[in-house]
Amino acid sequence: MVPEILGAVILGFGVWIIADKSSFVSVLQTSSSSLQVGAYVFIGVGAITMLMGLLGCIGAVNEVRCLLGLYFVFLLLILIAQVTVGVLFYFNAGKLKQEVGSMVMDIIQNYKTNASSSREERLQEAWDYVQAQVKCCGWASFYNWTDNLELRNSTENIYPCSCEKTGEEDNQYIVKKGFCKVSNSSSDAIFHEEWPVYPEGCMKKVQMWLQENLGILLGVCVGVAVIELLGLFLSICLCRHIHSEDYSKVPKY
């Protein structure tokens with residue numbers, strides 16, 4: 001039963017990455033094909049895990065050693081793959097952070113009021129949603145928006161609408177798009193200090209979220225690994241308990 005649940009979680013995670021269209025995950029997915037490929041890998045691994053869990057249950061109930069052996073090998077491969085991914089992520093964390101920063105900066109610099117393609121529109125909408133919901137502006141700080149081409153060429157003092165500070169009573173589900181003009185500006189010149197936006201960059205917000213939830217993430221990873229090790233141990237014990245094969249017990253469909 002546990003492998004089926006584990007497989008369903010992995011499959012659901014992959015489906016969520018593909019279906020998500022309004023968060024930071026959507027920004028990464030649209031910017032990089034690697035995350036899309038990874039999502040399909042999650043879906044495939046989840047489906048196969050559920051299938052192998054079913055075969056393991058059949059092997060345990062009907063005492064078929066070959067099915068239990070197949071289940072053991074596959075579970076071991078999944079565990080090795082998870083450890084490998086974790087190690088690679090740990091040693092490449094700095095490189096991944098730099099790549100994510102480059103993706104976000106590219107979105108900010110090329111942000112337009114009227115996107116020229118559906119892909120650009122999806123990216124801009126997703127980034128607007130992130131800034132509005134996380135209450136941040138830019139990547140390192142709101143000054144990142146000074147590199148935007150449309151904003152630099154504007155003769156008015158404008159700022160990204162999704163960065164605008166909102167009160168607790170405001171509707172958090174309404175996300176503003178495009179650029180807004182600074183009201184009651186002291187002059188027609190562009191003063192970034194007059195922008196009514198969040199001063200914190202989204203990078204700091206993401207790092208704070210990771211630090212706050214790191215214990216939960218590690219706990220989930222350790223819990224999954226313990227469950228997999230328990231499954232490996234139980235499959236070995238069942239294989240040793242079965243002294244002879246009886247393939248007549250295998251269900252025929």
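Between Tyr111 and Gly178, the shortest heavy-atom contact is OH-N, 2.9 Å. When all heavy atoms of Pro199 and Lys165 are compared, the closest pair comes out as CD-CE, 3.9 Å. Closest non-hydrogen pair, Pro160 versus Val197, comes out as O-CG1, 4.4 Å. Residues Lys176 and Cys161 come closest through the heavy atom pair CB-CB, 3.6 Å.
By the criterion of side-chain heavy atoms lying less than 4.5 angstrom apart, applied directly or through intervening Ile, Leu, Val, Met, Phe, Trp or Tyr residues, Leu234 is not grouped with Val226; the two fall into different hydrophobic clusters. A continuous path of hydrophobic side-chain contacts links Leu70 to Ile78 [ILVMFWY only; heavy atoms under 4.5 Å]. Under the 4.5 Å side-chain heavy-atom criterion for ILVMFWY residues, no single connected hydrophobic cluster contains both Leu230 and Phe72.
Interatomic distance, Lys135 NZ to Gln133 CD, rounded to the nearest 0.5 Å: 9.0 Å. Atom CD1 of Ile158 sits about 6.5 Å away from atom OG1 of Thr113, to the nearest 0.5 Å. Rounding to the nearest 0.5 Å gives a distance of 14.5 Å between NZ of Lys112 and CG of Leu151. Gln109 CD to Ser102 OG: the interatomic distance, rounded to the nearest 0.5 Å, is 9.5 Å. Taking CG of Leu232 as the start and SG of Cys237 as the end, the distance is 11.0 Å to the nearest 0.5 Å. To the nearest 0.5 angstrom, Ile80 atom CD1 is 4.0 Å from Leu76 atom CG.
Gln131 places a side-chain heavy atom less than 4.5 Å from the side chain of Cys163. Annotation: side chain of Glu164 is in contact with side chain of Tyr159 (closest heavy-atom distance under 4.5 Å). In this structure, the side chains of Phe179 and Asn148 come closer than 4.5 Å at one or more pairs of heavy atoms. Contact of the Gln124 side chain with the Lys177 side chain is not registered, since no non-hydrogen atoms from C-beta on lie closer than 4.5 Å. Residues Ser162 and Glu125 have side chains not in contact (no heavy-atom distance under 4.5 Å, counting atoms from C-beta outward). The side-chain heavy atoms of Ile108 and Asp147, taken from C-beta on, include no pair separated by under 4.5 Å.
Annotation for Tyr143: atom OH counts as buried by contact number, over 12 foreign heavy atoms lying within 6.0 Å.
As summarised for Cys202 and Cys136, their two SG atoms come within a distance smaller than 2.5 angstrom, satisfying the threshold.
Within the 3.5 Å criterion, the main-chain N or O of Ile107 finds no donor-acceptor partner in the side chain of Asn110. Using modelled atom types, no side-chain atom of Ser154 and backbone atom of Glu150 make a donor-acceptor pair closer than 3.5 Å. Here the side chain of Asn144 pairs a donor or acceptor atom with the backbone of Trp139 at under 3.5 angstrom.
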